[in-house]
Structure formats: structure tokens, C-alpha cells
Amino acid sequence: MRPWSRRGAAPPAPSLVGAVLGDLAGPTAVVDEYGRVAAVDGSWTIEWGTGAEDRWRVAHDEVAVRQSRLDDAPVYETRLRVPSGDVVARVAATNDGTGRALVLEYENVSPGPIALALVGRVGGAAH
């Protein structure tokens, strides 16, 4: 990821439409309403899904997905409904002073077991 930091210049076009994640150096990624995350330059995306009690669910194909921003923090939380509760995906941008990173966290807040699937796409190909 290359930071976008030129003042007055437009950021690169993201491959997804959604909330921009970044820090004072500029945007790094975009998270859409389904919890898909993409680099602002469109060079990669990460999608997610879960296998629950009855079937597999891919977040961007489901109706029962809700997203919110956590208070005033630059953290977005996407909830995917499963039969006995939710699976929660959280994404945030961080900078520890030595480098920039995206943090992806997934939590099963249902009492039932789940399997989590992540799909990374680089240049349009699944990896």
C-alpha cells in the first residue's frame, strides 16, 4: 500500500464504495457495507463468509448484514446474522509510528460453532 499524501490531489479510485479507512498520512483502504475491504488503489480486496449451523453465508450475498461505526473511533463493525446470533467483522486502520496497517478482527458472538472463510483477491484473482 502506498500512502496518498499529496495535498490537493485526489485519492486513487477505490475498487469498492464505502467508508474510507486511514490515518493522518491519508487513506489506505475502503470498507463497504458488507465488510469487504479493498486497497484505495484497487490492488487487493478481502471478502469474508462463515459456515454456521445450517449453511455457508458469504457476507456480500446476505440480506442480514448490518454495519456501524464504533462511537467516534475509526473502526467499522459489520454483523452477519447466523441462526443462533451474529458473527462480527471489525476493521480499522492503525499507525504505530513505525508503519501503517489494517486490523481485521472476526468474533463469533453466537453460542454455536462457526467456520470463518477469508478470500483475498489481487488484481481480480482469488488467492
Side-chain angles (χ1 to χ4, degrees):
M1 289 182 280
R2 290 184 302 224
W4 169 75
S5 60
R6 294 180 298 155
R7 293 186 185 263
S15 60
L16 294 178
V17 174
V20 176
L21 301 165
D23 58 16
L24 295 176
T28 57
V30 173
V31 58
D32 77 0
E33 64 186 305
Y34 301 102
R36 286 185 290 200
V37 180
V40 292
D41 65 4
S43 61
W44 56 263
T45 61
I46 297 174
E47 302 173 13
W48 70 288
T50 185
E53 300 163 19
D54 59 342
R55 64 182 175 89
W56 276 95
R57 290 163 176 75
V58 177
H60 65 265
D61 286 336
E62 292 295 319
V63 176
V65 175
R66 296 106 45 222
Q67 187 179 76
S68 61
R69 184 172 172 182
L70 296 183
D71 299 322
D72 289 333
V75 178
Y76 288 86
E77 180 177 271
T78 306
R79 292 179 168 263
L80 172 61
R81 186 83 181 139
V82 294
S84 54
D86 286 331
V87 176
V88 182
R90 292 182 191 92
V91 62
T94 184
N95 187 331
D96 66 2
T98 61
R100 303 169 82 195
L102 286 174
V103 177
L104 303 173
E105 176 185 81
Y106 299 88
E107 179 183 6
N108 179 13
V109 294
S110 76
I114 65 153
L116 180 70
L118 299 176
V119 176
R121 297 183 188 276
V122 178
H127 294 278

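All values reported here derive from a predicted model rather than from experimental measurement.
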Original post:
What is the minimum heavy-atom distance between Leu116 and Gly49, and which atoms define it?
Top reply: CD1-O, 3.4 Å

**OP:** Report the distance from atom CG of Asp61 to atom CD of Glu47, rounding to the nearest 0.5 Å.
**Re:** 9.0 Å

Original post:
Roughly how far apart are Ile114 CD1 and Glu107 CD, rounded to 0.5 Å?
Top reply: 10.0 Å

Original post:
When rounded to the nearest 0.5 angstrom, what distance separates OG in Ser84 from CG in Asn108?
Top reply: 7.0 Å

Subject >> Nearest non-hydrogen partners of Trp44 and Ala29, listed with the distance >> reply: CH2-CB, 4.4 Å

Original post:
Mind checking whether Val30 and Val40 have side chains closer than 4.5 Å, heavy atoms only?
Top reply: yes

Subject >> Glu33 side chain vs Gln67 backbone, donor-acceptor pair below 3.5 Å >> reply: no

Original post:
When clusters are formed by joining ILVMFWY residues with side-chain heavy atoms under 4.5 Å apart, either directly or through shared neighbours, do Val65 and Val109 land in the same one?
Top reply: no

Subject >> CD1-CZ distance between Ile46 and Arg121, expressed to the nearest 0.5 angstrom >> reply: 12.0 Å

Original post:
What's the shortest heavy-atom distance between Thr28 and Ala93, and which atoms?
Top reply: OG1-CB, 4.2 Å

Original post:
Can you check whether Ala115's main-chain N or O pairs, donor with acceptor, with Thr50's side chain at less than 3.5 Å?
Top reply: yes

Original post:
Are Leu21 and Val75 connected in a single hydrophobic cluster, I mean Ile/Leu/Val/Met/Phe/Trp/Tyr linked by side-chain heavy atoms less than 4.5 Å apart?
Top reply: no

**OP:** Please say which of Arg55, Arg79, Arg81 ends up in a salt bridge (Lys or Arg N to Asp or Glu O under 4.0 Å) with Glu62.
**Re:** Arg55

Subject >> Exercise: identify the closest heavy-atom pair between Pro83 and Glu53 >> reply: CB-OE1, 3.7 Å

Original post:
If you measure from CZ on Arg90 to CG on Leu70, what distance do you get to the nearest 0.5 Å?
Top reply: 6.5 Å

Original post:
Would Leu118 end up clustered with Val31 when hydrophobic side chains under 4.5 Å apart are linked, directly or stepwise?
Top reply: yes

Original post:
Hey, does the side chain of Asp86 reach the backbone of Val88 with a donor-acceptor pair shorter than 3.5 angstrom?
Top reply: no

**OP:** From the options Val87, Val119, Leu104, Val58, select the one residue that forms a side chain to side chain contact (heavy atoms under 4.5 Å, CB included) with Trp48.
**Re:** Val87

Original post:
Are Arg57 and Val82 close enough that some pair of their side-chain heavy atoms sits under 4.5 Å apart?
Top reply: yes

